[in-house]
Structures are given as C-alpha cells and as structure tokens.
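All remarks here apply to the structure that follows.
Below, chain A is the first sequence line, B the second, and so on; all start at residue 1.
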There are 2 protein chains.
Amino acid sequence: METIGQIIRNKRENLGLLLRQVSAYADIDQAILSKIERNERKPNRELIIKLAEILKFDKDELLAQYMSDKIAYDIADEDCADRVLKLAEKKIKYLKTHSINS
Amino acid sequence: METIGQIIRNKRENLGLLLRQVSAYADIDQAILSKIERNERKPNRELIIKLAEILKFDKDELLAQYMSDKIAYDIADEDCADRVLKLAEKKIKYLKTHSINS
DNA sequence: ATCCGTCTTGACAATGTGTGTCAAATATGA
DNA sequence: TCATATTTGACACACATTGTCAAGACGGAT
C-alpha cells in the first residue's frame, strides 16, 4: 500500500519533474518536499492542493488520501480502531443532516 | 447526539461529584475540566484515561468516543468524508496485518 | 440581602508542535 | 572530477495546545 509520500514521488518522477521545480511552484523549500516524499514530514492541506495542481492529480482524490493517511496514523495503534471509525461515521452523518451552517 | 463533554458532565453529576473533586483526581485545574465539559476545550488522551477511572467509564469505550470525536471534527466539512473513512479503514487493516512492531 | 460553595470566564504564561530556511553532506551520472 | 539532484540536520519562528490564576456569575440557604 502506497503512502502519500510515495504517491507524490511516483507521480513527480513519471512526469519528469525535479524537486526544485515542484517545490518552486508550491512555494516551499525543496528540503521540505524531499522530506514529505519520504514521509519524514507531513504535508498540510494547502500543500496537497498545490501538489494536485502541478502533478495533475484529481484534487479530491489526493485530499482523501491525505486525510485518510492522517486518520490511519492517529488511530492505527488503538485496539478499538474499528469501533472508532464506525462511531466517526455516525457522528459525521449526524453533523451533515443537522447542521444548518457550513 | 451527545458530545464528549456532555457524556463526561452527565456521568459526573450522576455520581454526585464536583468539578473540584474530579479535576483534583485528574491533576488538572478545574477551569480546564469545566471548559472540556462545555466543549470549549478538547481533552487529550491522558486525561480521557484518568476520567474513565474516576468516572467509572469503560476505558476503551470512552477512548473510542474521544477519538471518533476528533476524527469527525477533522473531516466533517470534507465533501468526500465517506471516501476518507473507507480509505482509512483499508489503511488501518493494512497496517495491522503488516506491522511486526507495535 | 448576604453568605457560601460551585461553576464560569477571560487574560496571561508556559510549553509543544508544525513550518520554513539554510548550508553542508551525499548520491548519481556525464 | 565536475555538475546536478537529493538528503540531512541544525536552527529560528509562528502557531496551537495546555496550564495557571483570579475575578465574576450563579444558586441555594439563612
């Protein structure tokens, strides 16, 4: 199973782009991007969106990968991870049906 | 649907305990506990465990409530929340079957 | 109304976490 | 060896979380 970093690196290399080029476009130091691709640092939402643009990802799909990575990282070591996900699903459904505002 | 704060407050009041008593046991300022019960601040994992002890919750169940709250809060405003959860589930399953260490 | 115990509120300090910057070190290939 | 690309580590800075404290609000009892 690919990590977010691997997904990004594979796509970048397939497109023949350099760290320097992508990081310049995303307006970050290339050291940061290097670390992100090796999962030494975690990207943030804003960066994911920029990377989706330059690397021609579907934005929502890359965001979903990013968010799910974060969640999996948070709860992977809980013995009750399954229960947590089920509860979260219920809560989200509840929030969506009951919230008036955004 | 009850929030973590409401769950804690209800249980505390049913047990007839004061903020002062519970917060002393958990070794935090009672102002913090007051805010947590009104969802003005978020508890952390360590506190959840202490609260489960003194308030006689099942520890794993309270932790599950706590984690799912956090997740729901993180991704409730994503349009692709369902996809995120499904991906997270897959990633967690993968991590559990493939990790040797804890 | 006053007193007393409980809870709430807001301002602030301390601490922790994430993020950005930089330069030196390490590949990799011509 | 030289040039280019990537990696690594140290550091500073900004932002978020957490803890501390005292004053204020509330409710019940007298």
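Here the P atom of nucleotide C:dG20 and the CG atom of A:D27 are 9 Å apart, to the nearest Å. In this structure, the CD atom of B:E40 is 13 Å from the C1' atom of C:dA11, given to the nearest Å. In this structure, A:L47 places its CG atom 12 Å from C1' of C:dG20, rounding to the nearest Å. In this structure, the CD atom of B:E13 is 11 Å from the C1' atom of C:dC7, given to the nearest Å. A:I32 has its CD1 atom 5 Å from the C1' atom of C:dG20, to the nearest Å. In this structure, A:Q30 atom CD and D:dT8 atom P are separated by 13 Å, rounded to whole Å. Atom CD1 in A:I48 sits about 11 Å away from atom P in C:dT19, given to the nearest Å. The nearest whole Å value for the distance from the CD1 atom in B:I28 to the P atom in D:dC21 is 14 Å.
Nearest nucleotide to the side chain of B:R38, out of D:dT20, C:dT9, C:dA23: C:dT9.
More than 12 heavy-atom neighbours from other residues, nucleotides or ligands sit within 6.0 angstrom of CZ on A:F57. Shown here is B:E46, whose CD atom has no more than 12 heavy atoms of other residues, nucleotides or ligands within 6.0 Å.
Dashed line: the shortest gap from a side-chain N or O of A:N44 to OP1 or OP2 of C:dG18 is not under 4.0 Å. OP1 or OP2 of C:dT8 sits under 4.0 Å from a side-chain N or O of B:S34. Remark: B:R12 is not in phosphate contact with C:dT6, judged by side-chain N or O atoms under 4.0 Å from OP1 or OP2. Neither OP1 nor OP2 of C:dT6 sits under 4.0 Å from any side-chain N or O of B:R9.
For B:K35 and C:dG10, a side-chain-to-base donor-acceptor distance below 3.5 Å is present, hydrogens and geometry of angles not being considered.
Contact annotation for B:L18: backbone-only contact, meaning every heavy-atom pair under 4.0 Å involves sugar-phosphate atoms and none involves a base. Contacts of A:R45 with the nucleic acid, taken as non-hydrogen atoms under 4.0 Å apart, are absent.
We find the CD1-NZ distance between B:I49 and B:K59 to be 5.0 Å, quoted to the nearest 0.5 Å.
For B:R41 and B:L19, each mapped to the nucleotide of DNA chain C holding its nearest heavy atom, the one lying further toward the 5' end belongs to B:L19. In terms of position along DNA chain D, the nucleotide closest to A:R20 lies nearer the 5' end than the nucleotide closest to the other residue of the pair A:A31 and A:R20.
Shortest non-hydrogen contact noted between B:S34 and B:L19 is CB-CD1, 3.8 Å.
Taking 4.5 Å as the limit, every side-chain heavy atom of B:L62 sits out of range of all side-chain heavy atoms of B:L55.
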